[in-house]
Amino acid sequence: IVNNLRMAGRLDEAQEFLAAAPEFPPSARNEGGDPNEDRHYLTLIASDLALARGDATRALKIFPLALLTPPGRLHPSARIDTRPAAVYGRVLCANGRYQHGLAVMREVVAQDAANHYEHDPRLAFRRAIAGQCALGAGDRQSARAFAQQARESFTVQPGVSNFYKAPLL
């Protein structure tokens with residue numbers, strides 16, 4: 001729900017909904033996994049929301065690093081809409097850490113492209129973010145390539161939410 005409110009630009013409501021979330025006790029639901037994963041995901045959502053509110057510094061400060069996995073490996077509970085690495089790459093780029101953020105976004109885009117529909121709007125959004133990050137890093141060629149891939153997806157699916165298109169507007 002928080003993500004839908006954020007995408008609709010209803011950031012105050014998203015913040016209120018997140019603030020009302022219960023405190024999750026440690027859980028053993030993921031055998032061999034982190035018992036605090038549910039708590040970490042709430043913090044991930046809070047970090048993403050802070051970024052949406054324009055507070056990149058806070059987003060970086062509260063980002064749950066425990067949700068990141070070694071490059072090339074998807075987090076066991078990773079879904080395309082809650083990819084911790086995707087949020088982390090955006091947060092890094094928003095904080096001017098373009099080289100590191102671009103490296104993270106390249107990995108995210110490569111994994112998403114290998115595992116999801118080539119014109120998935122979330123993948124297109126991430127390509128557009130990677131393009132912005134590449135531009136910040138001074139890599140114009142990659143910035144153009146990522147932007148072109150994102151535009152192609154939005155041409156194939158013109159009716160997707162403007163939220164996904166925003167990095168290109």
Side-chain angles (χ1 to χ4, degrees), residues 1-18 21 41-56 58-60 63-64 67-69 71-98 100-137 139-169:
I1 294 175
V2 172
N3 192 42
N4 289 338
L5 291 169
R6 178 182 59 86
M7 289 174 61
R10 297 164 51 188
L11 303 180
D12 289 339
E13 290 174 72
Q15 187 69 47
E16 289 171 17
F17 194 90
L18 183 60
Y41 265 97
L42 284 178
T43 306
L44 173 70
I45 293 166
S47 177
D48 198 23
L49 187 56
L51 189 58
R53 295 180 79 92
D55 192 348
R58 175 167 169 64
L60 181 60
F63 184 87
L67 289 179
L68 296 178
T69 57
R73 213 180 95 219
L74 286 175
H75 190 273
S77 63
R79 295 184 350 227
I80 193 168
D81 57 338
T82 56
R83 291 284 308 282
V87 176
Y88 189 55
R90 288 177 43 230
V91 167
L92 289 170
C93 293
N95 277 281
R97 295 172 61 184
Y98 300 112
H100 188 189
L102 179 57
V104 171
M105 291 308 296
R106 282 185 195 281
E107 180 72 26
V108 166
V109 167
Q111 287 179 350
D112 286 353
N115 293 297
H116 300 285
Y117 173 55
E118 67 181 310
H119 297 299
D120 186 303
R122 294 162 295 194
L123 173 56
F125 174 80
R126 291 180 183 151
R127 284 177 168 148
I129 294 294
Q132 288 180 339
C133 208
L135 192 60
D139 184 350
R140 290 181 182 201
Q141 183 177 0
S142 292
R144 272 189 233 116
F146 281 124
Q148 180 59 36
Q149 289 172 328
R151 278 190 195 91
E152 287 173 12
S153 293
F154 297 137
T155 300
V156 171
Q157 297 191 79
V160 301
S161 167
N162 283 336
F163 171 84
Y164 297 112
K165 298 175 185 177
L168 292 178
L169 301 179

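All heavy atoms count here, side chains included; hydrogens, waters and symmetry mates do not.
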I'd like to check Tyr41 versus Pro84 (side-chain heavy atoms, cut-off strictly below 4.5 Å). Are they in contact? yes
Kindly compute the distance separating CG (Leu169) from CZ (Phe154), expressed to the nearest 0.5 Å. 8.5 Å
Does any N or O in the side chain of Gln149 come within less than 3.5 Å of the main-chain N or O of Ala124, such that one atom is a donor and the other an acceptor? no
Should Arg6 and Arg10 be marked as a side chain to side chain contact (heavy atoms under 4.5 Å, CB included) after you check the CA-CA gap, both sets of side-chain angles, and the distance that decides it? CA-CA 6 Å; Arg6 178 182 59 86; Arg10 297 164 51 188; over 6 Å; no
Closer than 3.5 angstrom, by distance alone: can the side chain of Asn95 be matched with the main-chain N or O of Arg97 as a donor-acceptor pair? no
Going by heavy atoms in the side chains, are His100 and Tyr88 under 4.5 Å from each other? yes
Under 4.5 Å between any side-chain heavy atoms of Phe146 and Ile129, yes or no? no
So, does Lys165 use its side chain to make a donor-acceptor pair with the main chain of Ala150 at under 3.5 Å? no
Student check: side-chain heavy atoms of Leu18 and Ile45 closer than 4.5 Å: yes
Where is the tightest heavy-atom contact between Gly101 and Cys133, given as atom of each residue plus distance? C-SG, 3.7 Å
Between Leu11 and Leu49, is a side chain to side chain contact (heavy atoms under 4.5 Å, CB included) present by the stated rule, with each step listed? CA-CA 7 Å; Leu11 303 180; Leu49 187 56; 3.9 Å; yes
Minimum heavy-atom distance Glu118-Leu123, with the two atoms named: O-CD2, 3.7 Å
On a heavy-atom basis, which atom in Ala113 and which in Arg127 lie closest, and how many Å separate them? CB-NH2, 3.7 Å
Counting distance only, does the side-chain N/O of Thr155 pair as donor-acceptor with the main-chain N or O of Arg151 below 3.5 Å? yes
Mind running side chain to side chain contact (heavy atoms under 4.5 Å, CB included) on Leu51 and Val87 for me, showing each step along the way? CA-CA 9 Å; Leu51 189 58; Val87 176; 5.5 Å; no
Closest heavy-atom pair, Pro121 versus Gln157, reported as atoms and distance to 0.1 Å, is CD-NE2, 3.9 Å
Test: Arg90 and Asp48 ion pair at under 4.0 Å: yes
What is the distance from atom OG of Ser47 to atom CG of Leu42, rounded to the nearest 0.5 Å? 12.5 Å
Between Asp55 (side chain) and Arg58 (backbone), is there a donor-acceptor pair under 3.5 Å? yes
Residue pair Phe163, Phe125: steps toward the ring pair (Phe, Tyr, Trp, His ring centres under 6.0 Å) verdict: CA-CA 8 Å; Phe163 171 84; Phe125 174 80; 5.2 Å; yes
Residues Leu168 and Ala147: closest non-hydrogen pair is CD2-CB, 4.0 Å
Just so I know, are the side chains of Glu152 and Gln148 near enough to count as touching, which here means a heavy-atom distance under 4.5 Å? yes
Looking only at side chains, do Gln111 and Arg83 share a donor and an acceptor under 3.5 Å apart? yes
Return the minimal non-hydrogen interatomic distance between Tyr98 and Cys93, and the atom names on each side. CE2-O, 3.4 Å
Between Arg106 and Ser142, a side-chain donor and acceptor under 3.5 Å: yes
Does this structure show an ion pair linking Asp112 with Arg126, if we count only N-O contacts that are shorter than 4.0 Å? yes
Does a side-chain N-to-carboxylate-O contact under 4.0 Å join Asp12 and Arg53? yes
With sequence neighbours left out, write down each residue that passes side-chain hydrogen bond (donor to acceptor under 3.5 Å, both in side chains) with His119, or none if nothing qualifies. Ser153
